[in-house]
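Here the structure comes first, spelled out in structure tokens, and everything after it is commentary.
Owing to the predicted nature of the structure, the values given are computational and were not obtained by experimental measurement. In what follows, chains are A, B, ... by sequence order, proteins preceding strands, each numbered from 1. The basis for the numbers below is simple: all heavy atoms, side chains too, and nothing from hydrogens, waters or symmetry mates.
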2 protein chains.
Amino acid sequence: MTVIFSKKCELGLQAVLYLSAFPKNTLFSALEISEKINAPKEFVSKILQTLTTSGIIGSKKGNSGGFFLKIDPGSVRLIDVVSAIDGLDLFRNCVLGFPGCSVDEPCPVHETWGKLRNETYTMLSNQTLAELRDITVNKINSLKK
Amino acid sequence: MTVIFSKKCELGLQAVLYLSAFPKNTLFSALEISEKINAPKEFVSKILQTLTTSGIIGSKKGNSGGFFLKIDPGSVRLIDVVSAIDGLDLFRNCVLGFPGCSVDEPCPVHETWGKLRNETYTMLSNQTLAELRDITVNKINSLKK
DNA sequence: TCTTAATCAGACAAAAAACTCTGAAACAAA
DNA sequence: TTTGTTTCAGAGTTTTTTGTCTGATTAAGA
């Protein structure tokens, strides 16, 4: 089995999207977020720390502390989160794992996958959290149970 | 770091492509194949066994035995190898890991990724090993060192 | 000031994926 | 019939990823 993004990255994306559904600087504890995206609190906590280090979200310690979206939702793209957690190797390496895959020595899917890969990158780069907000809010609300 | 296919799947694809570069029923030992695709012999051996079980390649025991492409190259597609090793969950599950991702409750990239995912599936399904043969032979030869 | 609730750092544990080893069975060729 | 080379099954090991625990630090509110 395989996926595009690691578990960490999926949860990081979900967490950031969750934060983007609320007014800027609204604080949420790791516990609240973890319950909402249905993942272990400690694990989510670690991921949020990583994203704090990379500057996408901010944190506040102490009683009634938590995490918040630090950068304006109009300036954050999904690719920024992916880049912070998984890196961008996915968009560089040969999808079949061949070494030296290039225009001169292409793998059997070099051209077709290259095109799709670029479109995937574009998909994650073109829209900001602000632009995705409506659909995000809708999805977040559907997670309530 | 993430990739589309697991290491097993990448090597399985490479091995099958390697076999498809030669006339049907040509035998290669696991050692020969592993050296060509630059991977551990024992690991490649295991992967080839999996593909043998799924019927894509055949095997012959004993002295001067080895593995060979069992199905006609005109009837094998890359998706068949992917399906045999990694399965097809990649083409079913939400790329952001959200539960219940659907038209009614779409994730923020449901539509765009859905389209790209279908195109990726098509890419792996449309062409057979036979149709990819020229570019495969070229790539295989470039691996010689 | 004390209690409580939060982040955070680092070590730790468990599970999954990647990779190795051993020994048995098959079989070609000497 | 013996020797050498191979697949193959299953167990074992290593590494990576996922997930947990502990304790220190921070800070709001009673």
Checklist line | Ionic contact status for B:K115 with B:E119, cut-off 4.0 Å | finding: yes
Next item on the list: Specify the separation, in whole Å, of atom CG of A:L27 and atom P of C:dA5.
Entry: 17 Å
Next item on the list: Look up atom CG in B:L96 and atom CZ in A:F5, then write down how far apart they are to the nearest 0.5 Å.
Entry: 7.0 Å
Note to self: Quick check: is B:L90 connected to A:Y121 through a chain of hydrophobic side chains (ILVMFWY, heavy atoms under 4.5 Å apart)?
What the structure shows: yes
Check: Taking CD from A:E32 and C1' from C:dA5, how many angstroms apart are they, rounded to a whole number?
Finding: 12 Å
Next item on the list: Let me have a per-nucleotide readout for nucleotides 18-30 of chain C, 5' to 3', with B, S or -, counting only protein heavy atoms under 4.0 Å.
Entry: SBBB----BBB--
Checklist line | Whole-Å distance separating the CD atom of A:E10 from the P atom of D:dT17 | finding: 15 Å
Margin query: I need the B:N25 CG to B:D72 CG distance, nearest 0.5 Å.
Written below: 10.0 Å
Item checked: Spacing of B:Q49 atom CD relative to D:dG10 atom C1', expressed in whole Å -> 10 Å
Next item on the list: Rounded to the nearest angstrom, tell me the gap between atom CG in B:L31 and atom P in D:dT7.
Entry: 9 Å
Notebook entry, point to check: Between CG of A:L13 and CG of A:L124, what distance do you get to the nearest 0.5 Å?
Noted result: 8.0 Å
Check: D:dT16 C1' sits how many Å from A:D86 CG, rounded?
Finding: 13 Å
Notebook entry, point to check: Which distance, rounded to the nearest 0.5 Å, do you find between the CG of A:L48 and the CG of A:L11?
Noted result: 9.5 Å
Checklist line | Protein-nucleotide distance (B:F68, atom CZ; D:dT6, atom C1'), rounded to Å | finding: 14 Å
